[in-house]
Amino acid sequence: MTVIDTLPPAPATGGHHPLRRLLRLRPEVEVTAQGADVELAHPWGRQRVHALGERTVAALLDLTRADADLDLLALDHVRLLKLLERFPYLVTTTVADPLGTPLATAVPIARSAALPGFARPTGQLVLSRFAYLRRLPDGQGQDGESCVLESPMAPFRLTLHQAAAGAFVAALSASRTAEEAALLAGMSPGEGEALAGLLAGGGFLDAGKGAEAPLWDFHDLLFHSRSRPGRHDYPTGGVFAHQDVPQLPAVSAPGSREEGEGIDLPVPDWDTVVARDPALSEVLEGRRSVRTYADTPVTLDQLAELLYRVARVRRVIPGDPADPHGYDGVERPYPAGGATGELEVYLSVVKCVGLEPGVYRYDAAAHRLRPRPFQHPGEEAAFSELVTAAWRATACTVDPQVLLTVTSRFGRLSWKYSQIAYALTLKHVGVLYQTLYLVATAMGLAPCGLGSGDTDAAARALGLDWTAESSVGEFLIGSRPAGVPRTAHGFADVVAAARAGEGFGENF
């Protein structure tokens, strides 16, 4: 949408026509009347209101079917208006022309929403830097409309019913008066003032003076507000919104770049593991990121043990084929919401005793490495980009031996979960990181989780469609130098001091 700075001539309005302010109950609200009492059922729960009066109950029922003019409610249904003010998160507010043609509708999306005021803001106005305009997916629009203005700072979603309303919002991307923005959008000054009032009342304008969450980036605040209930009204959790789409298999099939049967990995002997591993508390206190390596690289047998103990598929739990919500679950050594098992581990090997340099996928169900040979120079160049990015992420302190790239097959989550799918996969990455740290520390390896990675380079190096399966975590594994202990320094002394009330004198 292009906004020009030269104000066009004011549009002919054909006289003064005051805009109407219309209220209506959200379509999800169910009103059950029992004489003078009503019960309101809605996405946030239910309330029972006693002794409301039959006339007010009838008017409330009308609000489930049609809009009501706010000015008429204020004159003729004061009791109903007081009730709506008690439950403002159940009421939509529309600005419309005298014939009822809507311009914009404010839909409350949080219980903290109040009925938006209709004061006409004056002076210079500017849109919140957190506000964004988008098209809703087909079928999710209101009355056939699908263009909405949203913001994590606003307890409302603003449905824009006319293109001019979108142009007005775009005009306020720079500081302007409501009248100037209206002229740029081809609206009358009265329409601009009314829409500006709805924007201000809904929380879509910048209040100025650093009031707008100055420590948040746009995407972080949006992600936070939309991936947890409370600041939006979209269906959240295991709602199975994509049952019409075939499920992804519980275990990945070999990819097009994977040749042959792969490399079978040895299974660790548990008696040896139990006899060798330090106590859990020692490992927890000794856990640290190690950014130096021994002269001899990590070995294939060590990688095999690490992957087996951390990321193997213990079993696939068959879903009930008669259940439309049924799906095969995956059990692994680390926890995962819904047993989705969406994470995969790829190895970018630079130095490893017993393993050629290159890219491998860990086949977690078969405990096997599947080589992914480079098919053209661009993939090999992307491999170098990944390794270089990992080197930079350690402040250029260590040349990587093995880089583990954790990817997510997002469809395994989003088939079941709505709003929280990406947040959930990041939580899974966190528990996988901790499991890698603890097992690698117990084994005497050098672990180091990285804070970021190059999604595009990973997709090219690993041969992935990043919208279907993409990197969500990076972790370095190498051989631990002899001078770096795998457990806490003087752990027994530390415990004794803590028991004696002296506290921990060393920061691990």
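Of the charged side-chain nitrogens involved, none lies within less than 4.0 Å of a carboxylate oxygen, so that Glu342 and Lys416 do not count as a salt-bridged pair. Asp277 has a carboxylate O that lies under 4.0 Å from a charged side-chain N of Arg309, or vice versa, which qualifies the two as a salt bridge.
Judged by distance alone, with hydrogens and angles left aside, the side-chain atoms of Arg312 form no donor-acceptor pair with the main-chain N or O of His367 at under 3.5 Å. Looking only at distances, no side-chain donor or acceptor of Thr159 sits under 3.5 Å from a matching main-chain atom of Arg157. Remark: side-chain polar atoms of Thr425 are not paired, donor with acceptor, to backbone N or O of Tyr422 under 3.5 angstrom.
The minimum heavy-atom distance linking Pro155 with Arg231 is given by the pair N-NH2, 4.1 Å.
Within the 4.5 Å cutoff, no side-chain heavy atoms of Phe204 are placed close to those of Val169. Using a 4.5 Å cut-off on side-chain heavy atoms (C-beta onward), Val359 and Phe383 make contact. Residues Leu476 and Pro400 form a side-chain contact, since some pair of their non-hydrogen atoms from C-beta on lies under 4.5 Å apart. Side-chain contact between Val345 and Val310: absent, with no pair of heavy atoms (C-beta onward) separated by less than 4.5 Å.
When only modelled atom types and interatomic distance are considered, Tyr327 and Thr340 share no side-chain donor-acceptor pair under 3.5 Å.
The aromatic rings of Tyr308 and Trp270 are tilted relative to each other, their planes meeting at an angle between 30° and 60°.
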Practice item. Let me see the working for Arg460 and Glu385 under salt bridge (charged side-chain N to carboxylate O under 4.0 Å, His left out), right down to the final yes or no. Key: CA-CA 10 Å; Arg460 288 183 281 115; Glu385 289 179 44; 3.1 Å; yes
